[in-house]
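Here the structure is laid out as structure tokens; the discussion comes afterwards.
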Amino acid sequence: MAIARRLKAFDIEVAYWSRRRKPEVEFALGIEYMELDSLLSSSDFIFLTMALTPETRWFFNRERFAKVKRGAYFINVARGGLVDTDALIEALEAGVLAGAALDVFDVEPLPARHKLASMDNVVLTPHIGSATVETRRRMAELAAENVVSFFRTGRPIYAV
């Protein structure tokens, strides 16, 4: 939803697919739900934001990349395990994808000599979306609250 809000601010047409349709979000943001294959074949930019589960591992594989509109850009800000990296590289080399932007990888950290690191049509960034002053401050506060709770009650508030 955050990505859709930002794109809509630039008057960009936004469509989405989800395993569960969200009519309230469609109405609130003025976005359109599409079936996955239709969305892939018509989108210029594909933002991957889904959760990694056993069912979604390697969700983007050779079969899915073959359905993508030629010349599209692929952006993964979710989890590296959602993408078959070999299939992604093949799609980039074949020109199916014009480019990719990734801040997550199925192997982290990505080895310096990895094929993706040498490709001109790929942008790699570290997965640091939480690296804001506000978020890091709250993370520190939660850690301190956990320590205090443990010493007072013998139990942490937030078990990881």
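Note that this is a predicted model, so its numbers are computed, not measured.
- Residues Arg136 and Glu141 fail the side-chain proximity criterion, which asks for heavy atoms closer than 4.5 Å.
- Under the 4.0 Å criterion applied to side-chain N and carboxylate O atoms, Lys67 and Glu63 are assigned as salt-bridge partners.
- Between the side chain of Thr153 and the main chain of Phe150, no donor-acceptor pair closer than 3.5 Å is present.
- One finds the CD atom of Glu55 at 7.5 Å from the CZ atom of Arg19 (value rounded to the nearest 0.5 Å).
- Contact annotation: the side chain of Leu40 approaches that of Phe60 to within less than 4.5 Å [non-hydrogen atoms, C-beta and beyond].
- Cluster annotation: Val83 and Ile3 are assigned to the same hydrophobic cluster (Ile/Leu/Val/Met/Phe/Trp/Tyr, side-chain heavy-atom contacts under 4.5 Å, transitive).
- Across all non-hydrogen atoms, the minimal contact from Glu26 to Tyr33 is OE2-CB, 3.4 Å.
- For the pair Ile46/Asn76, no side-chain contact is recorded, criterion being any heavy-atom separation below 4.5 Å from C-beta on.
- Taken from CG in Asp86 to CG in Asn61, the straight-line distance is 12.0 Å, to the nearest 0.5 Å.
- Residues Tyr16 and Glu32 have side chains that never bring a donor and an acceptor to within less than 3.5 angstrom of each other.
- A donor-acceptor pair under 3.5 Å links the side-chain atoms of Thr56 to the main chain of Thr53, judged by distance alone.
- When all heavy atoms are compared, the tightest approach of Ala51 to Leu82 is O-CD2, 3.6 Å.
- Neither Leu97 nor Val123 shares a network with the other; the hydrophobic side chains, linked directly or stepwise wherever heavy atoms of I, L, V, M, F, W or Y lie under 4.5 Å apart, form separate groups for each.
- Note: Phe74 and Phe65 meet the aromatic proximity criterion, with ring centroids under 6.0 Å apart.
- Classification of Glu145 and Arg152 as a salt-bridged pair fails, no side-chain N sitting under 4.0 Å from a carboxylate O.
- Side-chain contact between Leu116 and Leu88 is present, with at least one heavy-atom pair separated by less than 4.5 Å.
- Here the side chain of Ser149 pairs a donor or acceptor atom with the backbone of Arg155 at under 3.5 angstrom.
- Between the OG1 atom of Thr49 and the CD1 atom of Ile75 there is a distance of 11.0 Å, given to the nearest 0.5 Å.
- Neither Ile157 nor Val147 shares a network with the other; the hydrophobic side chains, linked directly or stepwise wherever heavy atoms of I, L, V, M, F, W or Y lie under 4.5 Å apart, form separate groups for each.
- Residue-environment remark: CH2 (Trp58) stays at or below the threshold of 12 foreign heavy atoms within 6.0 Å.
- With a 4.5 Å cut-off on side-chain heavy atoms, Phe105 and Leu124 count as touching.
- The minimum heavy-atom distance between Val77 and Asp103, with the atom names listed, is CA-OD1, 3.3 Å.
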May I have the step-by-step check of side-chain contact (heavy atoms from CB on, under 4.5 Å) for Lys22 and Met1, ending in yes or no? CA-CA 11 Å; Lys22 302 170 177 128; Met1 289 186 342; 5.9 Å; no
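- Minimum heavy-atom separation, Ile89 to His114: CD1-CE1, 4.0 Å.
- Within a 6.0 Å sphere centred on CZ of Arg6, heavy atoms belonging to other residues, nucleotides or ligands number 12 at most.
- Salt bridge annotation for Lys8-Glu13: absent, with no cationic side-chain nitrogen under 4.0 angstrom from a carboxylate oxygen.
- No continuous path of ILVMFWY side-chain contacts below 4.5 Å connects Val104 to Leu92, so the two sit in separate hydrophobic clusters.
- Contact record, Ala94 with Arg70: O-NH2, 2.9 Å, taken as the closest heavy-atom pair.
- Of the inter-residue distances, the one linking Arg21 atom CZ with Met34 atom CE reads 11.0 Å to the nearest 0.5 angstrom.
- Taking the ring axis of Phe59 as reference, the NZ or CZ atom of Arg64 stays within 45° of it and closer than 6.0 Å to the ring centre.
- You'll find the side chain of Lys69 stays beyond 4.5 Å of the side chain of Phe45, heavy atoms only.
- Both Ile12 and Leu48 belong to a single network of hydrophobic side chains, linked directly or stepwise wherever heavy atoms of I, L, V, M, F, W or Y lie under 4.5 Å apart.
- Ala15 approaches Leu39 most closely through the heavy-atom pair CB-CD1, 3.6 Å.
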Test Glu134 against Met139 for side-chain contact (heavy atoms from CB on, under 4.5 Å), laying out the working first. CA-CA 9 Å; Glu134 296 83 7; Met139 289 168 67; over 6 Å; no
